[in-house]
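Written below as C-alpha cells is the structure these notes are about.
So that the names make sense, note that chain A is the first sequence line, chain B the second, and so on, each numbered from 1. These numbers come from the heavy atoms of this one structure, side chains and all, not from hydrogens, waters or symmetry mates. Note that the coordinates shown come from a computational prediction; the quantities given were computed from them, not determined experimentally.
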Amino acid sequence: MSTRTSWADLAANSAAENTTAGSSANNASVGTTSAAPARSTYVPPHLRNRVPSSDPPAPPYSGPASSNDRQGYGGPASSNDRQGYGGSRWGPPRNDYRSGYGGGGGRTGGWGNRSGGWDRGREREVNPFGDDDDTEQAFSEQENTGINFDAYEDIPVETSGENVPPPVNTFAEIDLGEALNQNIHRCKYVKPTPVQRHAIPISLAGRDLMACAQTGSGKTAAFCFPIISGIMKMQGQSAQRPLRGARTVYPLALILSPTRELSMQIHEEARKFSYQTGVKVVVAYGGAPINQQLRELERGVDILVATPGRLVDLLERARVSLQMVKYLALDEADRMLDMGFEPQIRKIVEQNDMPLPGARQTMLFSATFPKEIQRLASDFLFNYVFLAVGRVGSSTDLIVQRVEFVHESDKRSHLMDLLHAQRANGVQGKQALTLVFVETKKGADSLEHWLYVNGFPSTSIHGDRTQQEREQALRSFRSGNTPILVATDVAARGLDIPHVAHVVNFDLPNDIDDYVHRIGRTGRAGKTGLATAFFNEGNASLARSLADLMQESNQEVPAWLSRYAVRSSYGGRNRRSGGGRFGGRDFRRDSSFSRGSSDYYSGANSSGGYGASGGYGGYGSGMTSAWD
DNA sequence: AAAAAAG
C-alpha cells in the first residue's frame, strides 16, 4: 500500500476533521467514527506473540488488535498507547479515536494477549506506524529523508576531541540490530543524515557527545538509535531489573527536553524506533495527571522521556531511580542549561543517584550552543566529542527572512495586512500555516482573540493554558483547522510541524538564538519558508546580531537595520562569533580556554569546505549555529 | 523582563 501522498493530500486528509479513515497508508487499521471498536477476536495461543517477519520495505502494517489491553479497547488512551494528536490523552473517551483501536485487521492479530506483568512490552505493543496521525509524522520524516542527499556531501562538519570515531555512510555499516534496522526501514530512512552519520558511531563507541545539529535532520534518531541499540545489547545480560510491582522503576536511559510538547514528540519518535525491540519507552511531563504516568512506569521502562519538573517530582516520590541510567540525553541542551532550567538539571543529574560522567554516557544536542553554556555543559560530560553539523547550503538558506520596521501600535494592522495578502495569494489555504510568535502569554491571548474577532481562525499556545488546551491548539494548528497559531517561546524549539509556511516574529525575542529556533519552525524538510519580523526601537539590542545572521544567510539586510546595527553594536552580548557560517565551535578550542597541553584536544577534524576554522571565535561572544 | 517547568 502506498505511503506516499502529496502534502496537499495529506493536509486535505487532516483537514477532513479527523472523521475519515485517513490516508491510504493506514486505512486498514482504523475504525474511526463509524466502526465501533471491534471486540478482540480470540487468537489461539500458538498464534499469539507472533512477530511479523519479512517486511522490509515494510508497509506500515496495521496495528495489533488490542492497543490497550488494560481497558479492553478504547478507554482514554494512555500516553504510551497513543501517540497521536487525536483526542485528549486523559480526557473522556471519544469516538474519534482512530489509531490503534479499531481492532483487528492486522495480519498478525492477537498480540494483545492479556498476559499479566511486564514482559518487556513486546506482546502488547501498539504499532506506532499504524497510526493516522503518525502518518503525518512519518510523512515528515520521509520528507526529511527526502532532502537532497547529494547536497549533503558538501555539508560542513566539524568534530573535535580525542580519537573521534569516523563517520559512516550507510546504516548497514553500523550494527544496530535487526529489529532496529527494520524500524529504520519502516521510517523510510534510506541513508543516515549528516548528524546521524557522525553522531551514531561516536555514541556507539561509548563516547560522550556535544552536538550542534538541526532538528529536522534526524537529530532525535541520532541519539535514539545508539540508546536503543545499546539497551538491546544489555538485555542479554543479567540486568538487576526490579521485580514487577516494585514501586521504584529504574530506567536505563533518560531523555530530557524543555517543553512538554517536545517530550511528547520525542517519545512518539522513540516509540517508532524501538518498536518490537523489546525496549520500552515511557514519557512523563507536567500538566497531565500523574497517576496514568505512574501506571505506565510500573509496567516497565527502559527509556524515560521527561520534562524536568515532572521528573523531579517522580524522583522525590521515589518512583523513579536514576541509579541504572547508562544513557543521558539532553535535547535543546543549551536551553536545558540556561538560567531557568540549570538548577533542576543539576538536581536531576548531580543530586540524585545518577552514575557519574564516565560511568554513564551523556549526549547533548542543540542547534545553538553558546560558549558559556558549553562551559556549563562540560560538567556533565567525560572526554567528549564535539560535533557541529551544518545543513544543506548555508545557514537557514531555505528560509527567506524579512524584517519590517513596525511601530508597536501598528503591529496588529500590519499583521492583518500580511494575512490578507497571504489569503489573496492563496498561500494561506488549509495547508499553509502561519506561526506568530509574541513575547508574553497575555499578549498571545489578546492577539489570538483579536485575530479571531477579525475573522482569522486562530488559536494559541503558551504556558498559562492548560495542557489539554495546549495540545488541542497544536492539533488544531497541525490539521489546518486553525491555520494561525499565536505562540510564546514554548513553541520555539524542536517542534516539528509540517506545512508551516510563514513564521511571524510579531515581537522579536531578545536573544538571537531564540530567533534562530523560532524561524526554524518553517523551511523544514527541504521546503522553503518565509520568516517576517516586526522590528522597532524596542529591538535595538538585537539589531546587530540580527543583521549579522541575515547577512550570513544571504538575506537582504535593510539599510535602516544596518544603521541600527552599527549604533547598537557595542556590548555585543548577542553577537555571534565565527561569522556564523558554520554550525559551531568547540569552546575547548577557543583561546580563552587554556588548559593542559595544546594537543590534548588537537584532534579537530573538519570537512566540507570550511577548513579547520581556527581562531575566529571571540571572547565572550556567544557561539551559535544558524540552524535549528 | 519573559518564558519554561510541579501542583
Side-chain angles (χ1 to χ4, degrees), chain A residues 79 90 254-267 283-294 297 304-320 330-349 351-352 366-368 370 373 408 435-448 460-471 473-474 485-495 505-518 520-521 534 536-542 571 573-574:
Chain A
S79 59
W90 50 83
L254 179 62
I255 300 172
L256 296 174
S257 95
T259 67
R260 297 163 183 174
E261 288 77 14
L262 186 51
S263 279
M264 291 168 57
Q265 183 179 296
I266 293 166
H267 173 232
V283 67
Y285 54 82
I290 201 169
N291 284 338
Q292 196 169 344
Q293 293 172 5
L294 289 173
L297 288 169
L304 177 58
V305 183
T307 48
R310 177 53 61 90
L311 178 59
V312 167
D313 191 359
L314 292 168
L315 291 169
E316 282 169 355
R317 296 176 188 225
R319 298 302 295 261
V320 170
L330 302 192
D331 200 4
E332 307 295 346
D334 60 332
R335 169 64 91 222
M336 302 302 280
L337 295 173
D338 79 5
M339 283 200 326
F341 273 119
E342 196 220 353
Q344 271 179 310
I345 300 302
R346 282 203 187 274
K347 179 168 189 174
I348 291 165
V349 177
Q351 291 157 40
N352 275 278
S366 184
T368 53
I373 304 282
E408 210 58 39
L435 181 50
V436 182
F437 281 105
V438 296
E439 200 58 21
T440 66
K441 296 179 278 197
K442 277 178 71 175
D445 279 338
S446 76
L447 182 59
E448 179 208 344
S460 68
I461 184 168
H462 61 70
D464 274 354
R465 303 202 76 190
T466 67
Q467 191 56 24
Q468 284 105 322
E469 288 170 333
R470 287 166 58 158
E471 291 176 25
L474 209 47
L485 178 66
V486 182
T488 60
D489 268 333
V490 71
R493 284 171 172 259
L495 296 185
N505 273 291
F506 188 90
D507 301 319
L508 273 164
N510 296 314
D511 185 332
I512 192 65
D513 285 349
D514 291 332
Y515 173 84
V516 169
H517 284 274
R518 286 177 177 189
R521 296 317 100 206
F534 296 174
N536 60 37
E537 305 86 349
N539 308 114
S541 67
L542 192 70
R573 281 205 74 239
N574 271 329

* Give the rounded distance in Å between these two atoms: CG of Asp513(A) and C1' of dA3(B). => 15 Å
* Asked: How many Å lie between CD1 on Ile348(A) and P on dA5(B), as a whole number?
  -> 13 Å
* Looking at the side chain of Thr440(A), which of dG7(B), dA3(B), dA4(B) is the nearest nucleotide? -> dA3(B)
* When rounded to the nearest 0.5 angstrom, what distance separates CG in Leu314(A) from CD in Gln293(A)? -> 7.0 Å
* Listed nucleotide nearest any side-chain atom of Arg470(A), set dA5(B), dA2(B), dA3(B) -> dA5(B)
* Kindly say if Arg260(A) contacts the phosphate of dA5(B), meaning a side-chain N or O under 4.0 Å from OP1 or OP2. => yes
* **Protein-nucleotide distance (Met339(A), atom CE; dA1(B), atom C1'), rounded to Å** => 10 Å
* Asked: Can you check the Asp507(A) CG to dA1(B) C1' distance for me, whole Å?
  -> 13 Å
* Of the listed nucleotides dA4(B), dG7(B), dA2(B), the one nearest the side chain of Lys441(A) -> dA4(B)
* Just checking, any donor-acceptor pair under 3.5 angstrom between side chains of Gln467(A) and Glu471(A)? -> yes
* Asked: Between dA1(B), dA5(B), dA2(B), which nucleotide has the shortest distance from any of its atoms to the side chain of Thr307(A)?
  -> dA5(B)
* Atom CE of Met336(A) and atom C1' of dA4(B): how far apart are they, to the nearest Å? -> 10 Å
* Structure fact -> Separation of dA4(B) atom P from Arg493(A) atom CZ, nearest Å, is 13 Å
* Asked: What's the CD-C1' distance between Glu439(A) and dA1(B), to the nearest Å?
  -> 8 Å
* Kindly compute the distance separating OG1 (Thr488(A)) from NZ (Lys442(A)), expressed to the nearest 0.5 Å. => 15.0 Å
* Which is true for Gly340(A) with a 4.0 Å heavy-atom rule: it touches a base, it touches only sugar-phosphate, or it touches nothing? -> base
* Asked: When you measure from the side chain of Gln344(A), which nucleotide among dA1(B), dA5(B), dA4(B) comes out closest?
  -> dA5(B)
* To do: Go through the side-chain N and O atoms of His462(A) and Asp445(A) and say whether any donor and acceptor fall under 3.5 Å apart.
  => yes
* Inspect the contact between Arg493(A) and Asp334(A) and indicate whether a charged nitrogen and a carboxylate oxygen are less than 4.0 angstrom apart. => yes
* **Atom-to-atom span, CD of Gln293(A) to P of dG7(B) - whole angstrom** => 9 Å
